[in-house]
Amino acid sequence: MTEHNIRQEIIDACLQMNSSGLNQGTSGNISVRVGHSMLITPTSVPYERTTPDMIAKIDLSKEMTGAWEGNAPPSSEWRFHWKILKNRPEFSAIVHAHPPYCTTLAILRKRIPACHYMVAAFGGDDVKCSGYSAYGTEELAVMAMSAMEGRSACLLANHGMIAAGADLEKAMWRAVELETLARQYWQALQAGDPIILDQKEIEETLRRFQGYGVG
Ligand code: 13P
């Protein structure tokens with residue numbers, strides 16, 4: 001796939017993210033690894049007006065300098081995209097959004113426990129919620145990295161969520177599954193005391209997922 005096609009795929013995924021209700025306005029951003037760099041959506045440009053040349057390119061092989069190439073400045077959240085792609089070679093795509101249910105739990109600073117076996121799609125028996133720091137800061141990037149340790153997603157306190165994947169399709173799939181899980185957990189909390197699966201039950205799911213293609 002050419003770099004131009006990847007740039008277009010990022011824009012298409014952003015449009016899909018908003019039309020599906022996963023995100024609204026320009027609150028989300030998406031990055032994809034290409035070679036030793038990452039491509040990332042521009043800051044504050046409505047997705048309908050984003051063109052492939054506006055997708056910024058940032059080097060992942062050097063230290064974090066803030067340098068970028070392109071016709072528009074990168075997302076204000078480039079730091080956490082950069083840190084995750086730099087330090088987690090298993091991921092090549094990152095989706096950040098402010099989905100309603102993930103963000104509701106993040107406002108309550110609640111992690112998502114093993115309320116459904118699908119929690120295993122994120123690598124373990126929960127999805128953690130990071131601490132709070134202002135959007136775009138390096139401190140937020142550090143907190144996000146730590147909340148994602150051993151996991152492929154996290155909630156961001158009073159902010160939203162991050163989902164990662166081996167490619168953009170996988171990262172988008174996880175973003176949708178995470179919002180579904182957040183909604184189910186939230187609804188269960190309204191109705192009573194959710195029953196939480198134990199470690200053995202989640203380990204069994206993790207084993208089954210290896211043959212299912214979502215591991
Ligand atoms: P950008 O428009 O800079 O990508 O920022 C959106 C956002 O919500 C930051 O969390």
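Remember, it's 1-based here, ligands and their atoms both numbered in the order they're listed.
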Under a 4.0 Å N-O cut-off, is there an ion pair linking [X] with [Y]?
| X | Y | result |
| --- | --- | --- |
| Lys57 | Glu3 | yes |
| Arg183 | Glu179 | no |
| Arg207 | Glu204 | yes |
| Asp167 | Lys170 | no |
| Asp126 | Arg151 | yes |

Using a 4.0 Å cut-off on heavy atoms, what residues surround ligand 1? Order them by chain and number. Thr26, Ser27, Gly28, Asn29, Thr43, Ser44, Ser75, Ser76, Glu77, His96, His98, Tyr135, His159

Counting C-beta onward and ignoring hydrogens, is there a side-chain heavy-atom pair between Pro42 and Ile55 closer than 4.5 Å? yes

